Amino acid sequence: MRPEILQPLFAEVEALKGVGPGIAKALARLKITRALDLALHLPAGMLERVRTPNATHALVGRIVILEVTPFQVREGRGRAPSRIFASDADGNTVTLTFFNNPGWAKKQLPMGEARTVVGKLDAFGQELQIVHPEVMKPEEAQALPVREPVYPLTEGITNKRMRELVSLALERAPVLGEWVEPSLKERHGWADWRASLTAIHSDPMRDKARNRLAYDEIFANQLALLLIRQASQRRRTRGLQGDGHLLDKLRLPYELTGAQARVIDEIRGDMAQDRPMLRLLQGDVGSGKTLVALLAMLHAVEAGAQAAMLAPTEILARQHHETLRRQCAPLGVEVAILTGREKGRAREAILMGLADGSIHILVGTHAIFQQKVAYKDLGLVIVDEQHRFGVSQRLLLTEKGKHPPHLLAMTATPIPRTLTLTQYGEMEVSRIDELPPGRQPIDTLVVAEAKMEEVVAGLGRHLAAGGQAYWVCPLVEESEALDAAAAEERARTLRERFGAERVGLVHGRMKGPEKDDVMASFAAGDLGVLVATTVIEVGVDVPNATLMIIEGAERFGLAQLHQLRGRVGRGEGKSRCLLLRGPELSETGRARLALMRETNDGFRIAEEDLKLRGPGEILGTRQSGEQGFRIASPEQVAALAPAAQGDARLLLDRDGGLDSERGQAARTCLYLFERDAAVGLLKGG
Ligand code: ADP
Ligand code: MG
C-alpha cells in the first residue's frame, strides 16, 4: 500500500484548483494525469528576455521587452506581411512584422500610444524588426519575468498556465525521509528530494538538482531490480540436465563459433541449478542467437521438459518455427506454433499436445502464455528480441509451469554495459561477441537525399541483376510536422518506375496477416523491393536481399539504424546500406551517420552514440523514456547507475526488509517511482 504521505501527489489533476475536464484532456496528451506527473514535468530550458529602453544591433537574436510607440502602418498586399513602424525611447525605428491577422495587429498597436512588445529582435538589413511580437500595455509588462523556465507544452496550455499548474502540484510534494546514502549526498552536494524538485522548476539549468532527481529514479530502478532478483533466487525449481542424446544427432551445416559455444555452456550451467535461470543473451544482429536458443531448448527436451519460445511478431514466430522444425524433425522432436492465427480445431490440437507432452517445443507470440495454455512440464522459456517486451512481462512469463521455468531472454539491442545494468540488473548477462566466420561486413554509404534520382537508378541496376532490396521510410503517412518521407508515397513512385508487381509495402497500420503475406512474397523472391517502416526491424531473414536504403536516416536512433541494417548481409554476397540524409544535418547528426559508415560493431555504435549526444541535448523533449526512465537521461543513467546499484545492494544487505529509517525512506522512493510490484516482493511481505 502506497504510504499516506504520497497520496496528495497521486491525486488526479482534476483535484487541483481550476483544473476542469478541458485542461485535464490537454494535459493527458502530455501523459500528465496526476499531480505527480505535473511535478515531474520538468522544464526543457530557460527562456531569457532582456528588458531594454531601446533596440540596438547588439541585442539582435535576443528576446527583448521593449516599450515602443507605433507611428505608421504599411498593409501587406497578397502574401506580403503587414508592417507597423514604431519608435523606441531614443526615437530609433523598429519594424513590427505580421504575416497574418493585420487587423488584430493594428488594434493592438494604436498609433501614438505606448505599448510593450516582446519578441526576438532580428536585423533586416540596417533595420531592426520583431516578427509577431507579443503585445501588451506597459503596466502589464512590468510583471513579466526576464528569466522563465519553459515547459514542453501542448495545444491549449500556455507556458504561463503550465507554470501555475506545476506550482500547484509542487505544493503537494511532501518532505520525505532521505533514502540517499549520506556520504554520497554530501560528495555531490545534493539537496533533499523536495528542495531539488523545486529548484529544477525555478531553474532547469541546475545540474545538481537534476542529477539528484535522476539518481533517485535510477536508485528506485536498481532497488526494484535487486528485489526482483532476490525474490527469484529464493524460488526453487528443478535443475535440467540433458544426456546429449538429441544434440548428438543434430546435424549442423557449420561449427559453433567460440562465442556460441561459451554461451551455451553458461546456459547449461544455469539450467542445471535448482534456482530458475534468469539470463540475458546479448548478441549483435546475425550473431547466431537462434542456434543458441535451439541448443538450449534441446537440452531441456533431453531432460524430459518442454520449451517455449516467444517472438515479438507473428512473422518472426513463423520464421523461427520453420527453422526449428526443419532442424528438429530428424531428431523426433515435435515443434508447434501458436499465434492469434491458430484457431478452432488446429488450436485445440496444439493445446492438447502441450498438455499431454507430445509437443516438445512451442514457438509463438504472446498467445503462448495465455491462461488457457497449459503445459505438461514447461522447463525453459526463451524470449527473442527481449527489448520489445518489458520487465513486468518478463516476470509474468515465469509463472507458468509447476516448477518455475528457466528463462533466457535474447536481444540484439547493443546497449552499453552501464545501461544493461539498469534495464536488466536482475539478470545474468551473456554476450556473443563474435560473428560467424565468412560474414562480410556491410558497406555503408551516406548519400544526400538530393541525389534521389541516382539512388533509384542504382536500385534499378540492382534489381535488374536479380537482387532484392529493402527501402525503409521513417513514417507511415505524410506528416508535415516531421517532414518525413511517407512509405505509401514512396511505394507509389517506385511502383511507377519498377512496376506494381515488383514493389511491396508493409507498415505498422496493416493487419498482421496482411503484413505477413507481403513479407512472405518478398522472402519468396516474388517482390524485388520491400518498402517498409521500421516494422521490419526485427529478425526476418532474406539472404538474397543485399541492398538496404534508409530514407531520412538522421531521424533514426543509431541502435535502430544498426538493427535495420542487420536485415542485409545475411547471405553470401556483398551487402550495401545507403543512408539517405536530408539537407539539414547538425554536427552531431553528421558524426552519428559517419559512425554508422565506419563500423559494423553494434556495441561500439551504442557506446559512441552515448558519447556523441552532448550535454546540450540532455535538455529538451528528447526521449529518455525508451529506457523506461522519465527523468534520467541515458547519459545520467550511464554515469549514476553503478553507484545506485552498489548503494541499493548495500542497503538490502543491511536491511533486507527495508524496515530501518532509511529502509522506510527507500520504500517511499520505490512508490514514488511506481515500482510498487517490487515492494510486494520484500521479505515478509
Ligand atoms: P540473430 O542473432 O540475429 O538472431 P540468427 O540466429 O538469425 O542471428 O543467425 C544469423 C545467420 O547466421 C543465420 O542464417 C544462421 O543460420 C547463421 N549462423 C548461425 N550460427 C552460425 C555459425 N556458427 N556459423 C555459420 N553461420 C551461422
Ligand atoms: Mg534473431
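Quantities reported herein were computed from a predicted structural model and do not represent experimental measurements. In each ligand, atom 1 is the first atom listed, and ligand 1 is the first ligand listed.
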Does G286 reach ligand 1, in the sense of a heavy atom lying below 4.0 Å from it? yes

Are any of the heavy atoms in D284 under 4.0 Å away from ligand 1? yes

Number the atoms of ligand 1 from 1 as they appear, then name those within less than 4.0 Å of a heavy atom of T257, with their elements. 23 (N)

Note: heavy atom closest to atom 2 (O) of ligand 1, options M410, H320, K289, belongs to K289

Value for CZ (R347) from CD (E342), rounded to nearest 0.5 Å, stands at 7.5 Å

Side chains of D356 and S358: is there a donor and an acceptor less than 3.5 Å apart? yes

For V285, the atoms of ligand 1 under 4.0 Å from one of its heavy atoms are 3 (O)

Run the numbers for me: atoms of ligand 1, each under 4.0 Å from some heavy atom of T290, listed by number. 4 (O), 5 (P), 6 (O), 7 (O)

Taking heavy atoms and a distance under 4.0 Å, where does E255 meet ligand 1: side chain, backbone, both or neither? backbone

Donor-acceptor side-chain pairing of R318 and H321 below 3.5 angstrom: no

Got a second to check how far L294's CG is from I361's CD1, nearest 0.5 Å? 6.5 Å

More than 12 foreign heavy atoms under 6.0 Å from CE of M352: is that the case here? no

Which distance, rounded to the nearest 0.5 Å, do you find between the CD1 of I549 and the CG of L494? 8.0 Å

Are there over 12 heavy-atom neighbours, none belonging to R576, within less than 6.0 Å of that residue's CZ? no

Can you list the atoms of ligand 1 that are under 4.0 Å from a heavy atom of S287? 2 (O), 8 (O)

Quick one: does G288 get an N or O within less than 3.5 Å of an N or O on ligand 1? yes

